[in-house]
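Naming: A, B, ... by sequence-line order, numbering from 1 per chain.
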Protein chains: 2
Amino acid sequence: MDEPRWLNETEMAAWRGFVAATNLVARRLERQLKDDAGLSHTQYEILVQLSAAPAGSLRMTDLADRLVTSKSGLTYQVTQLEKAGLVARRSCPSDVRGVFAELTEQGWQALRAAAPGHVAAVREALIDVLTPEQLAALADTLGTVADRLRAADA
Amino acid sequence: MDEPRWLNETEMAAWRGFVAATNLVARRLERQLKDDAGLSHTQYEILVQLSAAPAGSLRMTDLADRLVTSKSGLTYQVTQLEKAGLVARRSCPSDVRGVFAELTEQGWQALRAAAPGHVAAVREALIDVLTPEQLAALADTLGTVADRLRAADA
DNA sequence: CTCGTAAGGTTCAAATTTGAACCATCCGGC
DNA sequence: GCCGGATGGTTCAAATTTGAACCTTACGAG
């Protein structure tokens with residue numbers, strides 16, 4: 001029952017800013033992607049992660065770790081993308097239990113088509129609003145935070 | 001059909017960090033609040049916003065703007081909180097259409113009970129991981145981002 | 001005063017998300 | 001070789017979220 005260490009003014013400002021910016025940016029991009037490409041941000045992220053992986057494919061668990069969703073959420077979204085023809089499931093040769101999600105040709109196309117608009121939106125909402133110094137600091141700071149939390153989860 | 005301005009390395013790192021940190025922190029706090037206080041982060045935020053407002057009450061629209069949810073989402077959550085007895089609805093004297101959400105005594109108690117654990121989690125996930133300089137910069141940077149986006153929405 | 005439009009909230013159906021339960025397979029130790 | 005606990009994914013029901021449609025009330029221009 002220790003007295004909690006409340007946040008001081010700067011800390012509070014950082015926290016409020018974090019929450020607000022987080023939600024506002026997410027909301028903004030969600031809408032942009034849905035309107036322009038018919039994809040949710042989660043779905044777009046799946047395509048991005050796959051495109052960055054060798055052979056455009058990743059194990060489900062691996063993919064779930066890179067995005068930050070539950071396993072069941074990923075199953076659902078991959079199924080959606082599969083129905084849409086952007087992703088295909090392949091079984092893993094070395095482990096019968098394993099499943100690869102793989103970008104289809106159509107998936108590559110969808111990603112290429114969606115990327116420019118998305119990048120523009122990211123710039124407008126976040127990147128181009130900041131100075132290069134702020135960006136560098138932000139990258140460093142949030143990178144630290146993300147790494148710590150990932151490590152803590154493991 | 002202009003060639004899009006892709007993100008350079010720093011920009012990309014900032015963006016990836018933002019997305020990752022955002023999701024990881026949200027996930028972490030969501031769980032902490034649910035486990036320790038039986039509240040979702042959205043619900044907790046509603047209590048916080050109300051507690052910070054005069055008379056512990058706000059108009060629905062006003063509240064929806066401060067959180068970053070849809071109107072219907074807010075209606076839903078306020079209804080949940082009302083069922084739980086933490087919030088009450090009152091009609092607005094000056095505008096028949098208006099509705100005030102007001103913190104009940106029980107709501108104040110719930111907030112006081114939940115706050116210490118939540119603050120501790122926020123510190124652990126974000127605040128205490130950073131140096132004072134990083135925090136100050138983060139507050140400034142994200143404040144800017146949030147303000148711009150709010151302005152853009154208006 | 002009167003109309004047309006904007007604003008405030010709620011309702012509704014549809015899409016997502018989540019954790020727990022579950023099934024099958026894998027692997028290290030004995 | 002064989003057992004018991006971890007792993008990989010899916011399924012399921014329940015909770016949440018969202019945008020659009022809707023109803024009622026405000027309010028400013030004529």
Side-chain angles (χ1 to χ4, degrees), chain A residues 22-24 26-46 57-84 87-102 153-154, chain B residues 22-24 26-46 57-84 87-102 153-154:
Chain A
T22 273
N23 289 326
L24 287 163
R27 199 175 186 63
R28 176 63 64 115
L29 293 182
E30 196 70 51
R31 170 128 51 151
Q32 181 272 319
L33 277 171
K34 192 63 85 182
D35 288 350
D36 295 353
L39 295 169
S40 69
H41 191 229
T42 305
Q43 293 174 334
Y44 182 82
E45 275 300 306
I46 291 176
S57 76
L58 281 174
R59 289 286 291 274
M60 294 295 277
T61 297
D62 208 342
L63 189 47
D65 286 342
R66 303 193 189 207
L67 312 181
V68 186
T69 18
S70 58
K71 287 189 301 176
S72 52
L74 180 62
T75 293
Y76 175 77
Q77 284 300 172
V78 166
T79 302
Q80 296 309 106
L81 288 171
E82 200 170 22
K83 284 182 193 164
V87 162
R89 274 185 236 248
R90 274 194 314 110
S91 54
C92 173
S94 66
D95 185 339
V96 186
R97 299 168 304 174
V99 172
F100 276 106
E102 183 181 50
D153 282 343
Chain B
T22 273
N23 289 326
L24 288 164
R27 199 176 186 64
R28 176 64 62 116
L29 293 182
E30 196 70 50
R31 169 130 50 154
Q32 181 271 321
L33 278 171
K34 191 65 83 183
D35 289 349
D36 296 353
L39 294 170
S40 68
H41 191 228
T42 305
Q43 293 174 333
Y44 182 82
E45 274 299 306
I46 291 176
S57 75
L58 281 174
R59 288 286 292 273
M60 292 295 277
T61 298
D62 208 343
L63 189 47
D65 285 341
R66 303 193 189 207
L67 311 181
V68 186
T69 17
S70 58
K71 286 189 302 176
S72 53
L74 179 61
T75 293
Y76 174 78
Q77 284 301 172
V78 166
T79 302
Q80 296 309 107
L81 289 171
E82 200 170 24
K83 284 182 192 164
V87 162
R89 274 184 236 248
R90 274 193 316 110
S91 54
C92 173
S94 65
D95 184 339
V96 186
R97 298 168 306 174
V99 173
F100 276 106
E102 182 182 50
D153 283 343

query: Can B/R28 and B/L24 be said to form a side-chain contact (heavy atoms from CB on, under 4.5 Å), step by step?
result: CA-CA 6 Å; B/R28 176 64 62 116; B/L24 288 164; over 6 Å; no
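Residue B/T75 comes nearest to B/M60 through the heavy atom pair CA-CE, 4.1 Å, listed as atom of the first residue, atom of the second, then distance. Here the closest non-hydrogen pair linking B/S91 and B/F100 is O-CD1, 4.3 Å. Closest heavy-atom contact between B/R66 and B/L58: NH2-CD2, 3.8 Å. In terms of heavy atoms, A/E30 sits closest to A/H41 at OE2-N, 2.9 Å. Of all non-hydrogen atoms in A/G98 and A/R59, the two that sit nearest each other are CA-NH2, 3.4 Å.
Atom CG in B/D95 sits about 5 Å away from atom P in D/dA26, given to the nearest Å. If you measure from atom CG of A/L39 to atom P of C/dA15, you get 16 Å, rounded to the nearest angstrom. Rounded to an integer number of Å, the gap from CZ of B/R31 to P of D/dA15 is 19 Å. Rounded to an integer number of Å, the gap from CD of A/Q43 to C1' of C/dA15 is 10 Å. Taking atom NZ of residue A/K34 and atom C1' of nucleotide D/dG19, one finds them 11 Å apart after rounding to whole Å. At whole-Å resolution of the value, CG in B/L33 and P in C/dT18 are 16 Å apart. The distance from atom CD of A/Q80 to atom P of D/dT11 is 12 Å, rounded to the nearest whole Å. The distance between atom CD of B/E30 and atom P of D/dA15, rounded to the nearest whole Å, is 15 Å.
Expressed to the nearest 0.5 Å, how far CG of A/L67 lies from CG of A/L74 amounts to 6.0 Å. One distance of note links OH of B/Y44 with CG of B/L33; it measures 6.5 Å at 0.5 Å rounding. Annotation: the span from B/T61 atom OG1 to B/R97 atom CZ amounts to 9.0 Å, rounded to 0.5 Å.
Relative to the side chain of B/R59, the nucleotides D/dA26, D/dT10, C/dG9 differ in distance, and C/dG9 lies closest. Checked against D/dT18, D/dT16, D/dA26, the side chain of A/R27 finds its nearest nucleotide in D/dT18.
For A/D62 and B/S94, each mapped to the nucleotide of DNA chain D holding its nearest heavy atom, the one lying further toward the 5' end belongs to A/D62.
Side-chain polar atoms of B/T69 and A/R27 form no donor-acceptor pair below 3.5 angstrom.
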Tabulate atom names and distances for all N/O pairs under 3.5 angstrom spanning the protein and nucleotides 1-7 of chain D.
residue : atom : partner : partner atom : Å
D/dT7   : O2   : A/R97   : NH1          : 2.2

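Residue A/R89 is classed as a sugar-phosphate contact, given heavy-atom separations below 4.0 Å to backbone atoms only. When heavy atoms are screened at a 4.0 angstrom cut-off, A/S40 is found touching no nucleic acid atom at all.
Side chains of B/I46 and B/Q77 form a contact here, defined as non-hydrogen atoms less than 4.5 Å apart.
Each end of the helix from C/dC1-D/dG30 to C/dC30-D/dG1 gets its own axis, taken as the rotation carrying the C1' atoms of four end pairs onto the next four within a five-pair window, and the two axes meet at 30° to the nearest 10 degrees.
Atom CZ of A/R89 is surrounded by more than 12 heavy atoms from other residues, nucleotides or ligands within 6.0 Å.
Near DNA chain D, defined here as any heavy-atom distance below 4.0 Å, the residues from residues 66-79 of chain A are A/K71, A/S72, A/T75, listed numerically.
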